[in-house]
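Given the structure is predicted, the values throughout are model-derived calculations rather than measurements. For the single chain, residues carry numbers from 1 onward in sequence order.
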Amino acid sequence: MFEAEADGLDEIARCGALRCPKAITSGQTAGAAFLVLEHLRLEGQGDPTALGQGLARMHRASSQQHGWHRDNTIGSTPQSNVPTADWIDFWRNQRLGFQLERAGQNGYNGDLQRRGLQLMEALPRFFENYDPVPSLLHGDLWGGNYGWLTTGEPVIFDPAVYFGDRETDLAMTELFGGFSNEFYAAYQADWPLDSGYAIRKHLYQLYHVLNHLNLFGTGYLARAKNLIERLLAELS
């Protein structure tokens, strides 16, 4: 897990769009594993416009396929990144389908599985006029995974890197809050989002809510079901 995180930080650093801590080393010792990162002093408030512009520039870094050269984790959950040409196949098999299957193994069956499978079968309908390019993604961009240097420069960290639809990063920023209107305005000014994002963001948020259900329990079950129903209602 730490080796993959270090590789992800290196991938972001090579892009040069946003600052992230340098990975110094990782390894194992008796009964523990470790990751050593560059120490960055984070405090106060910085420039949300620079964060929005920087994220848009990072998303312009692309790849031939969706996925990445190695698997990693989302939280402590394994995250498969087998390179795939078709984004819908990638999202169905390596993101949404994986989390639904894991939820079933954890005892969350019934309507969650039945309606979730209906949603997976209908995935192409959310992409009828939209074919995302593989963008370099942070992968876990919520309000706790960015900060500001004392100079006001934005810093991102704790990534779950892969290449995929840039909308997934934006959807995550809206899931748990922590991003300002200035951030979104700056991103949109640099690279406007497709109008279908207003619906697809719920599809991308569902992956993270299901992951939280699998990690933390039933407190996220109702939210997962509500997202599925909201998405299916868009198709009726």
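- Taking the ring centroids of His59 and Tyr187, they lie under the 6.0 Å cut-off.
- Side chain to side chain, Asn72 and Glu5 fail the donor-acceptor criterion of an N or O pair below 3.5 Å.
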Check your understanding: Could you walk me through whether Trp148 and Glu153 pass the side-chain contact (heavy atoms from CB on, under 4.5 Å) check?
Key -> CA-CA 5 Å; Trp148 314 99; Glu153 180 185 0; over 6 Å; no
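- A distance-only check finds no donor-acceptor pair linking the side chain of Ser180 to the backbone of Gly178 [under 3.5 Å].
- Pairing each heavy atom of Pro21 with each of Val155, the nearest pair is CD-CG1, 4.0 Å.
- Minimum interatomic distance between Gly164 and Trp87 (heavy atoms only, all atoms of both residues): CA-CZ3, 3.4 Å.
- Between the side chains of Tyr207 and Thr168, no donor-acceptor pair is found at a separation under 3.5 Å.
- In terms of the side chain to side chain contact (heavy atoms under 4.5 Å, CB included) criterion, residue partners of Asp47 (sequence neighbours excluded) are, by chain and number, Thr49, Ala50.
- Side chain to side chain, Thr77 and Asn211 meet the donor-acceptor criterion of an N or O pair below 3.5 Å.
- Leu141 and Leu149 are not part of a single hydrophobic cluster, where members link through side-chain heavy atoms under 4.5 Å apart.
- When the side chains of ILVMFWY residues are joined at heavy-atom separations under 4.5 Å, either directly or via intervening members, Phe157 and Leu55 end up in two distinct hydrophobic clusters.
- For the atom pair Ile12 CD1 and Cys20 SG, the distance stands at 5.5 Å (nearest 0.5 Å).
- Thr73 places a side-chain N or O within 3.5 Å of a backbone atom of Gly75 that can act as its donor or acceptor partner.
- We find the CZ-CD1 distance between Arg125 and Ile88 to be 12.5 Å, quoted to the nearest 0.5 Å.
- Sorted by first and then second residue, the salt bridge (charged side-chain N to carboxylate O under 4.0 Å, His left out) pairs involving residues 221-236 (not counting sequence neighbours) are Arg115-Glu229.
- Rounded to the nearest 0.5 angstrom, Leu232 CG and Leu119 CG are separated by 5.0 Å.
- Here the CE atom belonging to Met1 is positioned 7.0 Å from the OG atom belonging to Ser76, to the nearest 0.5 angstrom.
- Aromatic pair His202/Phe126: ring centres not closer than 6.0 Å.
- Linking Ile, Leu, Val, Met, Phe, Trp and Tyr residues whenever their side-chain heavy atoms come within less than 4.5 Å places Tyr108 and Leu206 in a single cluster.
- Checked options Gln65, His69, Arg95, His66; the residue passing with Asn81 is Arg95 (criterion: side chain to side chain donor-acceptor pair (under 3.5 Å)).
- Within 6.0 Å of CD on Gln64 lie no more than 12 heavy atoms contributed by other residues, nucleotides or ligands.
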Point to revise | Worked verdict on Lys201 versus Glu167 for side-chain contact (heavy atoms from CB on, under 4.5 Å) | key: CA-CA 7 Å; Lys201 69 180 181 181; Glu167 290 183 352; over 6 Å; no
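- Across every non-hydrogen atom of Ala6 and Leu35, the tightest pair is CB-CD1, 4.1 Å.
- Val82 and Ile74 are not part of a single hydrophobic cluster, where members link through side-chain heavy atoms under 4.5 Å apart.
- Here Arg114 contributes atom CZ and Leu100 contributes atom CG; the two are 13.0 Å apart, rounded to the nearest 0.5 Å.
- A side-chain donor from one of Tyr130 and Asp165 sits under 3.5 Å from a side-chain acceptor of the other.
- Taking each heavy atom of Trp68 and Val161 in turn, the nearest pair found is CE3-O, 3.5 Å.
- Within the 4.5 Å cutoff, side-chain heavy atoms of Tyr184 are placed close to those of Glu174.
- Contacts of Asp169 classified as salt bridge (charged side-chain N to carboxylate O under 4.0 Å, His left out), with partners at least two apart in sequence or in another chain: none.
- Here the closest heavy-atom approach between residue Leu213 and residue Leu112 is recorded as CD2-CD2, 3.9 Å.
- The aromatic ring centres of Tyr162 and Phe90 sit less than 6.0 Å apart.
- The backbone N or O of Arg102 sits less than 3.5 Å from a side-chain atom of Asn106, completing a donor-acceptor pair.
- In this view, Gln188 satisfies the side-chain hydrogen bond (donor to acceptor under 3.5 Å, both in side chains) rule with no residue, not counting sequence neighbours.
- With contacts defined as side-chain heavy-atom distances shorter than 4.5 Å, the pair His212/Phe176 qualifies.
- Under the 4.5 Å side-chain contact rule for hydrophobic residues, Leu215 and Phe98 do not share a cluster.
- A distance of 8.5 Å separates CD of Gln99 from CD of Gln79, quoted to the nearest 0.5 Å.
- The side-chain hydrogen bond (donor to acceptor under 3.5 Å, both in side chains) test applied to Ser80 returns Gln94, not counting sequence neighbours.
- Applying the 6.0 Å contact sphere to CD of Gln113 captures more than 12 heavy atoms from other residues, nucleotides or ligands.
- Taking the side chain as every heavy atom from C-beta outward, Asp140 and Pro159 never approach each other to under 4.5 Å.
- Asp194 and Arg200 are joined by a salt bridge, as a carboxylate oxygen and a charged side-chain nitrogen come within less than 4.0 angstrom of each other.
- Between Val209 and Ala224, the shortest heavy-atom distance links the atoms CG1-N, 3.6 Å.
- Residues Tyr197 and Leu170 have side chains in contact (heavy-atom distance under 4.5 Å, counting atoms from C-beta outward).
- Counting only heavy atoms from C-beta outward, the side chains of Met58 and Ile156 approach each other to under 4.5 Å.
- Between the side chain of Arg166 and the main chain of Trp191, a donor-acceptor pair closer than 3.5 Å is present.
- The side-chain heavy atoms of Leu203 and Trp91, taken from C-beta on, include a pair separated by under 4.5 Å.
- The side-chain hydrogen bond (donor to acceptor under 3.5 Å, both in side chains) check on Glu43 picks up Arg41, with sequence neighbours excluded.
- Side-chain contact between Thr84 and Asn93 is absent, with no heavy-atom pair separated by less than 4.5 Å.
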Exercise for review: Run the numbers on Arg57 and Asp190 for salt bridge (charged side-chain N to carboxylate O under 4.0 Å, His left out), then give the verdict.
Suggested key: CA-CA 8 Å; Arg57 290 196 301 271; Asp190 193 283; 5.1 Å; no
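- In this structure, Asn226 and Ile228 have side chains that are not in contact, with every pair of non-hydrogen atoms separated by 4.5 Å or more.
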